[in-house]
Amino acid sequence: MIINYIKNQKEHHKTVSFEEEYRQFIIESGGTIDERFFLKD
């Protein structure tokens with residue numbers, strides 16, 4: 001599973017940004033998002 005994730009990472013990040021994926025990971029793991037740690041546009 002991890003190997004396939006790494007192999008497909010470049011294609012995956014064409015549609016989902018790293019920040020979006022990281023935010024989803026935090027939420028799915030039961031964490032809270034602290035906006036101080038994210039860059040502002």
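- Residue I33 holds its CD1 atom at 8.5 Å from CD of E19, rounded to the nearest 0.5 Å.
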- Message: Run Q24 and E20 through side-chain hydrogen bond (donor to acceptor under 3.5 Å, both in side chains) and show every step you take.
- Response: CA-CA 6 Å; Q24 190 62 38; E20 290 170 324; over 6 Å; no
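- For the atom pair CG of N8 and NE2 of H13, the computed distance is 10.5 Å after rounding to the nearest 0.5 Å.
- Side-chain heavy atoms closer than 4.5 Å link hydrophobic residues (I, L, V, M, F, W, Y) into clusters, and following such links, possibly through other members, connects F18 to I26.
- T15 OG1 to E21 CD: the interatomic distance, rounded to the nearest 0.5 Å, is 9.5 Å.
- Between F38 and R23 the shortest heavy-atom distance is CG-NH2, 3.6 Å.
- Within 6.0 Å of the CZ atom in F25, the count of heavy atoms belonging to other residues, nucleotides or ligands does not exceed 12.
- Of the inter-residue distances, the one linking T32 atom OG1 with D34 atom CG reads 8.0 Å to the nearest 0.5 angstrom.
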